[in-house]
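Okay, so here's the structure we're looking at.
Position 1 is the first residue of the sequence, and the numbers go up from there. The analysis underlying the following values was restricted to heavy atoms, covering all of them including side chains, and did not include hydrogens, waters or symmetry mates.
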Amino acid sequence: MSLDLAQPLPDLLQAIVDVESVSGNEALLADLVQEALATCPHLDVERLGNNVVARTRLGRSQRVVVAGHLDTVPVAGNLPSTREDVDGVDAIIGRGTCDMKGGVAVALQLAAELATPRHDVTWVFYENEEVTADLNGLGIITAQRPELLAGDFAILMEPTSALIEGGCQGTMRFWITTTGTAAHSARGWLGHNAIHDVREVLDRLAGFEQREVTVDGLTYREGLNAVQIRGGVAGNVIPDECSVHINYRFAPDKTAEQAEAMMRELFDGLDLEIVDLSPSARPGLDLPAAKDFVAAVGGVPGPKYGWTDVARFSALGVPAVNFGPANPNKAHTDDEFCPVQDLYTCADALRRWLGATEREEA
């Protein structure tokens, strides 16, 4: 099996989608990507784990990083892929078509095609984006070979309906645990019900002001929500412990440290355990490289609701935006799909920006 990077984009996307690559199972797809890019004489290709990095070395004054993750969330009866009409739209349907193998297909084809772009380009295809941050392929590259991610500007091929989305929200997940005293429910007065004490946690949540914050001209909506609750051991036992899992999505006007301080103040006096904290990223659309890209793509940039790996590039001092095919609202859904036209829109925009001519649709 091999990947033909010159075939029409819809066919290339289906070939990539049909290689199942649920997080942790990216090896075969990484093999195929590495083998296909290794045939391109204008690219230097390196492999770290299931992460593939391909670079031009043309001596250009600027270097651009274009990145996309190879993994998907678990399959839900939506493989192999199909090409169908979805409400009048020609689309590729199947796991990963939206998030984000549509973007991977565009990046792979352009990596092979653009031998002499006006900027040097680093193409990155990485593993384990959909799982815990410590497994993320960009984190592995940063730890082992940070120079591979160096650049003046970065584009993350996350689904954005072929529109630029700047920056991203930060995300913080934590548990708040209340404790009590176990007792038989027939003699409940002998115990103390930890579930009842969760009322204070929920009251503080309800009183939190859900802010809208404008950063560099883009307006982000924050959110603080209970997403899980657990407690109790049996129907006849007063529970001695109850925990609420809370997710805070914060705007890029604050650092991860500031977000943590805000949550600790809000829940002062309660037992708070952080399980995940990822920084936000400012849009950076006022920077020259970003302005140039916006001009080439057209349209009005919007904010990224949610966390993406643009935050990792931001932490490395590389301004980054999200730009890729498919509607992000379809990500992770059982009926996710990628409109064929989005593939061509993204590919042609990148060609214009990198100084190449548009290709005919197939």
Side-chain angles (χ1 to χ4, degrees), residues 3 5 9 12-13 16 29-30 33-34 36-37 40 42-48 51-58 60 62-71 99-127 129 136-138 141-142 145 147-160 162-166 168 281 284 287 289-290 292-294 296-297 301 304 308-314 316 318-326 342-356 359:
L3 290 178
L5 302 187
L9 271 171
L12 177 58
L13 174 54
I16 295 168
L29 184 54
V33 167
Q34 180 183 10
L37 294 177
C40 302
H42 60 282
L43 294 174
D44 287 348
V45 181
E46 298 192 49
R47 174 89 172 254
L48 288 80
N51 307 292
V52 181
V53 180
R55 295 182 291 170
T56 63
R57 293 183 179 274
L58 302 170
R60 305 299 198 224
Q62 287 193 315
R63 176 169 291 278
V64 174
V65 183
V66 180
H69 63 81
L70 299 175
D71 64 319
D99 189 10
M100 60 172 290
K101 289 185 174 180
V104 168
V106 169
L108 278 173
Q109 185 164 95
L110 293 182
E113 176 189 329
L114 301 179
T116 57
R118 66 189 183 97
H119 302 304
D120 267 314
V121 186
T122 300
W123 307 92
V124 183
F125 305 93
Y126 63 102
E127 64 183 331
E129 189 271 350
N136 187 291
L138 288 182
I141 298 172
T142 299
R145 297 283 305 283
E147 73 277 8
L148 293 180
L149 298 181
D152 300 285
F153 185 60
I155 301 166
L156 197 67
M157 300 294 293
E158 287 281 355
T160 63
L163 298 170
I164 294 173
E165 292 184 345
C168 73
L287 298 170
D292 188 30
F293 183 61
V294 171
V297 172
K304 168 56 73 177
T308 73
D309 279 318
V310 296
R312 292 184 182 274
F313 286 106
S314 180
L316 293 170
V318 181
V321 297
N322 305 278
F323 177 68
D342 277 13
L343 297 171
Y344 290 113
T345 297
C346 289
D348 289 341
L350 285 167
R351 285 191 189 96
R352 285 194 301 273
W353 182 54
L354 291 170
R359 282 180 56 162

Nearest non-hydrogen partners of I164 and V321, listed with the distance
CG2-CB, 4.0 Å
Counterpart residues, side-chain contact (heavy atoms from CB on, under 4.5 Å), relative to H42 (two or more places apart):
C40, T56, A115
Residues that F313 engages under ring-ring contact (aromatic ring centres under 6.0 Å, His included), provided they are two or more places apart:
none
Looking at side-chain heavy atoms only, is the closest gap between H119 and D152 below 4.5 Å?
no
Would you check if M100 and E129 make a side-chain contact, meaning some heavy-atom pair closer than 4.5 Å?
no
Assess the residue pair L108 and K101 against the criterion (side-chain contact (heavy atoms from CB on, under 4.5 Å)); give the C-alpha distance rounded to whole Å, side-chain angles, the decisive distance to 0.1 Å, and a yes or no.
CA-CA 10 Å; L108 278 173; K101 289 185 174 180; over 6 Å; no
With side chains defined as the heavy atoms from C-beta onward, is the minimum distance between H69 and D99 less than 4.5 Å?
yes
Quick check: closest heavy atoms across L110 and A347, and the distance to 0.1 Å?
CD1-O, 3.9 Å
4.5 Å side-chain heavy-atom contact, D292 and W353:
yes
Given the rule in the side-chain contact (heavy atoms from CB on, under 4.5 Å) test, do L149 and R312 qualify, once you have shown the distances and angles that lead to the verdict?
CA-CA 10 Å; L149 298 181; R312 292 184 182 274; over 6 Å; no
Are any non-hydrogen side-chain atoms of T142 and L316 less than 4.5 angstrom apart?
yes
Do V121 and L354 pass the side-chain contact (heavy atoms from CB on, under 4.5 Å) test, and can you show the C-alpha distance, the side-chain angles, and the key distance before you say yes or no?
CA-CA 9 Å; V121 186; L354 291 170; 4.1 Å; yes
Drop me the distance from F125's CZ to N51's CG, to the nearest 0.5 angstrom.
12.0 Å
May I ask you to decide if L58's main-chain N or O and D120's side chain share a donor-acceptor pair within less than 3.5 Å?
yes
Assess whether a salt bridge exists between E113 and R351, defined as any Lys/Arg side-chain N lying under 4.0 Å from an Asp/Glu carboxylate O.
yes
Which residues satisfy the side-chain contact (heavy atoms from CB on, under 4.5 Å) test with R47, sequence neighbours excluded?
A30, D31, Q34, N50, V52
Do L350 and F293 come close enough that some side-chain heavy atom pair is under 4.5 Å?
yes
With rounding to the nearest 0.5 angstrom, report the CG to CD distance, L12 to Q109.
6.0 Å
Heavy-atom closest contact (L3 atom, A36 atom, distance):
O-CB, 3.9 Å
Using a 4.5 Å cut-off on heavy atoms from C-beta on, say whether the side chain of L148 contacts that of V65.
no
Which atom names give the shortest non-hydrogen contact between C168 and A311, and what distance separates them?
SG-CB, 3.9 Å
With no hydrogens and no angle check, is any side-chain donor or acceptor of R60 less than 3.5 Å from a backbone partner on P117?
yes
Which pair of heavy atoms, one from A54 and one from L37, lies closest together, and at what distance?
CB-CD1, 3.9 Å
Side chains of T160 and C346: does their closest heavy-atom pair fall under 4.5 Å?
no
Compare every heavy atom of D309 with every heavy atom of L138, then report the nearest pair and how far apart it is.
CD1-CB, 3.6 Å
E165 backbone acceptor or donor facing N322 side chain under 3.5 Å
yes
Could you tell me the separation between the OG1 atom of T122 and the CD atom of E147, rounded to the nearest 0.5 Å?
10.5 Å
